[in-house]
Amino acid sequence: MEGNITLSIIKPRAVQKGFIIPILDKCHEAGFRISAMKLMQLTKRQAANFYKEHEGKPFYESLVEFMSSDRVVVLLLEKENAVADFRKLIGATDPTSAEPGTIRNLYAESKEKNAVHGSDSDASALREADFFFSKMERY
Ligand code: AMP
C-alpha cells in the first residue's frame with residue numbers, strides 16, 4: 001500500500017464555487033482511483049489537529065478558520081506513485097506559480113484558498129488517511 005495512496009481535501013471555497021466535479025474529473029483523468037470519500041464540515045479542533053505541523057506560523061489561525069468555515073470533500077486516492085503524481089496534478093501551493101492546467105492553476109484563489117490539499121509524503125498520506133477514515137471505510 002505504501003506509495004500508492006494520497007489524501008486530498010477539496011477546500012471550502014472550491015466546494016462553494018461548484019468545483020467538486022471538475023476536480024474529481026481531473027483526478028479520474030490522471031488515473032487516480034477513489035478508495036474513500038466524504039463530504040463533511042471540519043470542526044475547528046479537527047482543522048487545528050490536521051494542520052498541527054503549521055502551528056505557530058503566521059497563517060495557521062487563519063488556515064484553521066478557513067478550513068472549518070464550510071464543507072470540504074475528503075478523498076483517499078490510490079495510484080502508483082500517488083503522492084508525487086498528485087502533487088504534480090495540483091501544482092504549487094501558490095496558484096500564481098502553479099503550472100497551467102494544474103488543479104490549483106485552474107481552481108485556486110490564493111495561497112490559503114488554494115482549492116485542494118495533497119499529502120506531502122507517504123508517511124503523511126498514511127497518517128492523514130487514518131485521521132479521516134477507518135479501515136472499514138476504504139475500498
Ligand atoms: P502544506 O502542508 O504546505 O500544503 O500547507 C498547508 C496549507 O497551508 C496550504 O495548502 C495552504 O492552504 C496553507 N499555506 C501554506 N503556506 C501558506 C502561506 N504562506 N500563506 C497562507 N497559507 C498558506
Side-chain angles (χ1 to χ4, degrees):
M1 194 68 158
E2 191 156 321
N4 292 340
I5 59 161
T6 193
L7 191 289
S8 180
I9 304 176
I10 305 177
K11 299 187 182 187
R13 195 76 193 106
V15 172
Q16 288 163 352
K17 287 168 115 175
F19 294 148
I20 296 174
I21 291 170
I23 290 171
L24 291 179
D25 242 358
K26 294 288 273 181
C27 297
H28 173 70
E29 282 167 16
F32 287 92
R33 190 181 80 80
I34 298 172
S35 167
M37 175 164 79
K38 63 180 145 195
L39 180 68
M40 65 184 292
Q41 181 161 0
L42 297 175
T43 63
K44 261 182 94 161
R45 193 180 171 145
Q46 282 173 317
N49 276 332
F50 184 78
Y51 282 116
K52 214 171 179 44
E53 70 190 85
H54 295 299
E55 201 171 354
K57 292 186 186 163
F59 58 85
Y60 178 71
E61 299 291 335
S62 163
L63 180 64
V64 168
E65 281 296 330
F66 168 58
M67 289 301 290
S68 57
S69 66
D70 204 343
R71 292 168 307 163
V72 297
V73 174
V74 188
L75 290 165
L76 184 59
L77 298 169
E78 194 179 0
K79 180 186 186 295
E80 239 176 71
N81 204 30
V83 167
D85 285 0
F86 192 69
R87 287 178 82 79
K88 210 177 288 170
L89 179 67
I90 65 180
T93 304
D94 182 348
T96 60
S97 6
E99 287 278 306
T102 58
I103 290 176
R104 284 171 171 163
N105 169 258
L106 292 168
Y107 304 118
E109 266 182 23
S110 66
K111 244 186 204 176
E112 180 179 85
K113 298 180 173 59
N114 63 355
V116 285
H117 166 83
S119 306
D120 65 3
S121 65
D122 289 339
S124 300
L126 291 171
R127 178 172 42 78
E128 292 171 2
D130 287 342
F131 186 93
F132 284 109
F133 299 109
S134 71
K135 300 283 184 238
M136 279 186 63
E137 290 174 302
R138 306 178 197 183
Y139 296 91

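In listed order, ligands and their atoms are each counted from 1. In what follows, residues are counted from 1 in the order of the sequence shown. Note that the coordinates shown come from a computational prediction; the quantities given were computed from them, not determined experimentally.
Salt bridge status for Lys135 with Asp130: present, with a side-chain N to carboxylate O gap under 4.0 Å.
Side-chain atoms of Ser35 and Glu78 include no donor-acceptor pair closer than 3.5 Å.
Aromatic ring orientation, Phe59 versus His54: tilted (interplanar angle from 30° to 60°).
At a 4.0 Å cut-off, not a single heavy atom of Asp120 sits close enough to ligand 1 to count as contact. Heavy-atom distances between Tyr51 and ligand 1 reach below 4.0 Å in at least one pair.
Nearest to atom 14 (N) of ligand 1 among the protein's heavy atoms is Phe59 CE1, 3.5 Å. Looking only at protein heavy atoms, the nearest one to atom 8 (O) of ligand 1 is Leu63 CD2, 3.2 Å. Looking from atom 11 (C) of ligand 1 to the surrounding protein, the closest heavy atom is Lys111 O, 3.2 Å. With respect to atom 10 (O) of ligand 1, the closest heavy atom belonging to the protein is Lys11 NZ, 2.8 Å.
Within ligand 1, counting atoms from 1 as listed, the ones closer than 4.0 Å to a heavy atom of Glu112 are 12 (O), 22 (N). Under a 4.0 Å criterion applied to the non-hydrogen atoms of Asn114, ligand 1 contributes the atoms 9 (C), 10 (O), 11 (C), 12 (O).
Distance alone, capped at 3.5 Å, is enough to place a donor-acceptor pair between the Glu112 side chain and the Leu63 backbone. Using a distance-only test at 3.5 Å, with no hydrogens or angles considered, no donor-acceptor pair links the side chain of Ser119 to the main chain of Thr6.
Relative to the six-membered ring of Phe66, Lys113 meets both conditions, a distance below 6.0 Å and an angle of at most 45° to the axis.
Looking at Lys113, His54, Met67 and measuring to atom 3 (O) of ligand 1, the nearest heavy atom belongs to His54.
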